[in-house]
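The shown structure was predicted, so the numbers you read here are calculated from the model rather than taken from an experiment. Sequence lines set the chain letters: A, B, ... in the order given, protein chains first and strands last, and positions in each chain run from 1.
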Amino acid sequence: MTEKYTPQTAEPHWREQWKAQDIFRALPPAEAGDAPKAYILEMFPYPSGKAHMGHVRNYSMGDVVARHKRAKGYNVLHPMGWDAFGMPAENAAMERGTHPGKWTYANIDHMRGQLSTLGLSLDWSREFATCDPEYYGLQQAAFLKFLDKGMITRKSAKVNWDPVDMTVLANEQVIDGKGWRSGADVVQKELTQWFFKITDYADSLLEDLNTLERWPEKVRTMQANWIGRSEGLQMRFEFAASVPLSHEDGIEIFTTRPDTLFGASFVALSPDHPLTIELAKQNPDLEAFRKTCAAIGTSEEAIEKADKLGFDTGLRVKHPFDEDKTLPVWIANFVLMGYGTGAIFGCPAHDQRDIDFARKYGLDVQPVVLPDGEDAATYNVADTAYTGEGKLFNSGFLDGLSKDDGIPAAIKKIEEMGLGQGTVNYRLRDWGISRQRYWGCPIPIIKCPKCDMVPVPEADLPVVLPEDVSFDVPGNPLDRHPTWKNVTCPKCGGEAERETDTLDTFVDSSWYYARFAAGVNNDPEEAAYWMPVDQYVGGVEHAILHLLYARFFSRAMRDAGILDLPSGEPFAGLFTQGMITHETYKSEDGNWLSPDEVSEKDGALFHIESGKPATRGAIEKMSKSKKNTVDPTAIIESYGADVARWFVLSDSPPERDVEWTQAGAEGAARFVKRVWAVFDTLSQAPRDGKPSGDKAALALRRVSHKATAGIDKAIEEFRFNSAVATIHEWVGALKKAESGGEELLYARFEGAYMLARCLTPFMPHLAESCWAAIDGKGLVSVAKWPDIDQDLLVENEVTLPVQVNGKRRGEIIVAKDISKEDAEAKALAEPSVVTFIDGKPVKKIIVVPGRIVNIVI
RNA sequence: GCCUCUGUGGCGGAAUUGGUAGACGCGACGGAUUCAAAAUCCGUUUCUGGCGACGGAGUGCCGGUUCGAGUCCGGCCAGAGGUACCA
C-alpha cells in the first residue's frame, strides 16, 4: 500500500479538472466531425428544496449512459435545467411569506450545488429554469402560434372550488370532499377555460406508438389504453311520447356493443348532460340528485369507485328494433359527460356496471349473448355480467351471429333506419391548460369587451409575471393586481383586462427538451440536429400524462413550423426507472419517526430521545411526510459521490424500486477500497506484454475481455445491476492474481487498464484516480471504451447438464461443437445418469447443442 | 372501479430464445490476523431428511401446455404506479 484513497479530497479535485478542461460541453454540429450525436436527457427536477435519492438514482443512470456514449465516440448532449413553476412555491409563499420566485431560485441554487457534487457529466452551459421569462416568453409565442393554427379552443370545464379559501383546488388538495386547508366542503364550479386540442392528434399519437421501438412495452400499452380508440355506434333513441324539451328528437348515445341492443333495458344520461340540466331546472329532486353526484368529486377514480346512483326521469324512449318496447330514461352517476355523448344504453346482462345498476334499481335483465355450451332456454345472468364471446339470441335479425358479425350488422341496420352511424370514439379528452394560479406561465391573451380574446402582440412578449404580489389573501394575486391586470386592448385601444389564468405546468415540461437542443442561441438548426432525444430517463409515474403531452407538443410545434422534427416524436428511446424506498417507523402515539431516531434493544424498538416504544412500518417510497428520506448530501459527505452512485445502481434492476439501506452504502464504500487496493499495487506492473500460453494469464485475460463485453452490453440494455455484478467478479479475479509470473502480471495490468475505463460511467472520480495511478493518458472521462479481443470470448469446452425425465442427474464436459450423437453417447455413459436410468428402456433423448441433454425413460 | 406493472433464500436480486434456480452483493455464522478491537482476508450459508454417500421439496396461490416452466396459457391473491388541477 502506498496511498490511501480519500474521496473527500479526490472527488472535488477531479471535478475541478473536468470543469477546467470543459470536457462535457456538447459540440456544435459544425465541430462534431464524423461523430454521431447522442442526446441523453433525464427528466428535469422540480426544485422543491433539496435533492433526494430519487434524483441521485435518475441522474446517475442518465450519467452512465452519457459517459458510455462519450467513450464510444459519440458527440453527447447531456443538459440540465429546472421545472420551476408549480404549487409548492405558492404554498411556501403562503406559509412563510416569501415570494414564490425567490423561494424557487434559492432552491435551484441549493440543488445545483447538490447535483454538481455527484460528478455528473453535464453540459451546464444550456441550463435554464422554466420560470425564466426568456423561457416562458417562447412558450407564450408558441401558444399564440398554436392559437393561430386552430390548435387551441375554449370551453367550459369543472373545477374544485373551496368556498372558504375562495380558491380552485387540485384533486390532490381535496381530501374526502373537503379542502385540505379550510376543511370546507368542496363544491364544483364551471369555468370557461383554454384547451389544447390534443384529440385532433389522437390517431397520430396512437398509431406512432408502434414506431417507438425503444420504449417500454408497458408505457406504450398504457398510452394506447389512455387514448382508448374504440369503434362503435352513435345513435338516437327517440322519445316514446313527444316531450316539451329542446332535445325533442331523442337522446344520442354512443356504444361499442350495438350487437347487444336487443338486451337494452334502460337509457342513462350523465348528471352533467345538457338534457339532465334542463330537466333539473323543472325538478328540484333531480337538482338535489345532481348535487349529490357532484359531491363525489371530479377525479375519474372517485366517480368510478362511488356507489352506483340513479334517478328515474320518468321519460321513456322507443327501442329501435321493437316497436312495442319502450325503455326508461335514468340519470346515472357512472355515465361520464366527457366520454362519447354523455349518454348510454344499458344492457345489464353483458356489462358489469349496467348490471350493478339494474339490480339496484330493479330494471330488466335480458341476456342476448349465449356462451358456448349454454342452453338458450335456461341461460340466465345473476350478478355478474357475461362479457365474453358467444352466439346472439333473443335478438331478432341478429340471432345466431357472433359478436364480431353482430356489431356491423346492427350498425348497418341503424344506419338504414336513419337513427345513427358507425363512429370512432376516443377516451382521450382535450387538454385543459388554464390554471387559476400565480406561479405559472401567463397566458398571453387580453380580454376585450369589444374584441373578445385578443392575442398579445409578439413585440410585447414575454408577458412577465408581476413581482409585487402578496399571498395574504386567498385566491390568484394576478386577479386583483391593479396595474398588471388592467391594460388597453391592442386592437381597439379600449379598456381591457389580461387573462389572469396561467398555463398548466405540464406545458412547461412538454417542450424543454427542444429548448435544450436549440442551445444558448436558440438556433432552430441546432435543435434539428440534436432532436429527437436518443435516450430519455425518468420515473414511471410520468408514463401517461407528461409523456403524452410532450408527444403532442412536439407534433404541434412541428405543425406550427417551430420545430423541425419530421416524425413528431420527441423521445426515440425511453427508460422508466423505479423509486427509492426506505424503512419507516412510528412512535407510540402514531407519529412518524425517522429511522435514525429509533434504536433496538433486546429485540424491541424504542424512540431514542423519549425511550418510548416504537414500531416498524412498511418499506415505502421516500417522502418527507413519512420521515424516511435520506439526504444525499450527508451520504456524499461521509462516503463520497461514487458510493452514492454505486449504491443506487447496484442490486435492484433500474426499472424496479430500490430500498435504501445503511448496510448497502457501507458495502459500496468497502468496494471502493477493494478497487483502489488493486490499482494501488500496480505501479510496478509491467506495461508491455504479449498474449501467451500461460494458463493463468490467459484465464485472467478471458475474464477481463468477457467482463468488458458484458458491461458494454449491460449498459446498452439498462441492466446496470448486472454490470455491477460483473465488475465485482472482475475485481475479485484481478485481486486473486496478485502474485504470479511476468505474464500473469501483465494480464493483470491489462485488466486494470480496461477496468478503469469500464468503471468510469459508474464511479467516475475513483476511475480517474485509478487511471492516474497506472499513468493513463489524460482524463479517463474522455478515454475511449476498451477494445476487445474477440478470440478471448469464445470457450471451446462447455459443461452440459444431463437430465433424466427433466431432473438434473449429472453433467458432462464436452467440446463446444460436439455432435448430437456423441453428446448422447457421453450422457448415457455418465455413471450418475446410468444409476437413474436403472436399466429401463430409453424412450427419447433430447439434445440441445451447448445447452442440455434430457433423457426420457 | 378501470388501465399497467411486480411477486424467486434471512434481505436486494441473477437466470440469453422455454434448457443446471439462487450469479453478484448485503446480512448471519465459523476461522485467520490482532494484546484486544476496528479494518482486512479465507470459508459456510434455499428449506428439509441423513453421520455420510446421497435423496426429497422449492420461484405468491390453484390448474394447464411441454421431454423440460421462474420464463408460455387460464383463473385467483397481494403490493405498487397512473387515473386527466401533485410533479
request  = Could you encode protein contacts along nucleotides 7-16 of chain B as a string, one character per nucleotide from 5' to 3', using B for base contact, S for sugar-phosphate-only contact and - for no contact, with a heavy-atom cut-off of under 4.0 Å?
outcome  = S----BSSSB
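- Rounded to whole Å, the P atom of B/A23 lies 13 Å from the corresponding atom of B/A14.
- Remark: side-chain polar atoms of A/R808 are not paired, donor with acceptor, to backbone N or O of A/P801 under 3.5 angstrom.
- The aromatic ring centroids of A/F44 and A/W82 lie 6.0 Å or more from each other.
- Ranking B/U4, B/G82, B/U20 by closeness to the A/E541 side chain, first place goes to B/G82.
- Between A/F575 and A/Y536, the distance from one ring center to the other does not fall under 6.0 angstrom.
- When the nucleotides B/C85, B/U40, B/A84 are ranked by their closest atom to the side chain of A/Q436, B/C85 comes out on top.
- Here the P atom of nucleotide B/C3 and the CD atom of A/E300 are 11 Å apart, to the nearest Å.
- Residues that satisfy the salt bridge (charged side-chain N to carboxylate O under 4.0 Å, His left out) test with A/E729, not counting sequence neighbours, are absent from this structure.
- Rounded to whole Å, atom C1' of B/A84 lies 17 Å from atom CE of A/M337.
- In RNA chain B, the stems built from three or more successive Watson-Crick or G-U pairs (distances below 3.5 Å) are B:1-7 with B:77-83, B:10-12 with B:24-26, B:27-32 with B:40-45, B:46-49 with B:54-57, B:60-64 with B:72-76.
- Residues A/W431 and A/Y549 bring their aromatic ring centres within 6.0 Å.
- The side chain to side chain donor-acceptor pair (under 3.5 Å) analysis of residues 843-857 of chain A, with sequence neighbours excluded, yields no pairs.
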inquiry  = I need a per-nucleotide contact map over nucleotides 58-67 of chain B, read 5' to 3'. Cutoff is protein heavy atoms under 4.0 Å; write B for the base, S for backbone only, - otherwise.
reply    = ---------B
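- Under the rule for a side chain to side chain donor-acceptor pair (under 3.5 Å), the partners of A/N58 that lie at least two apart in sequence or sit in another chain are A/Q577.
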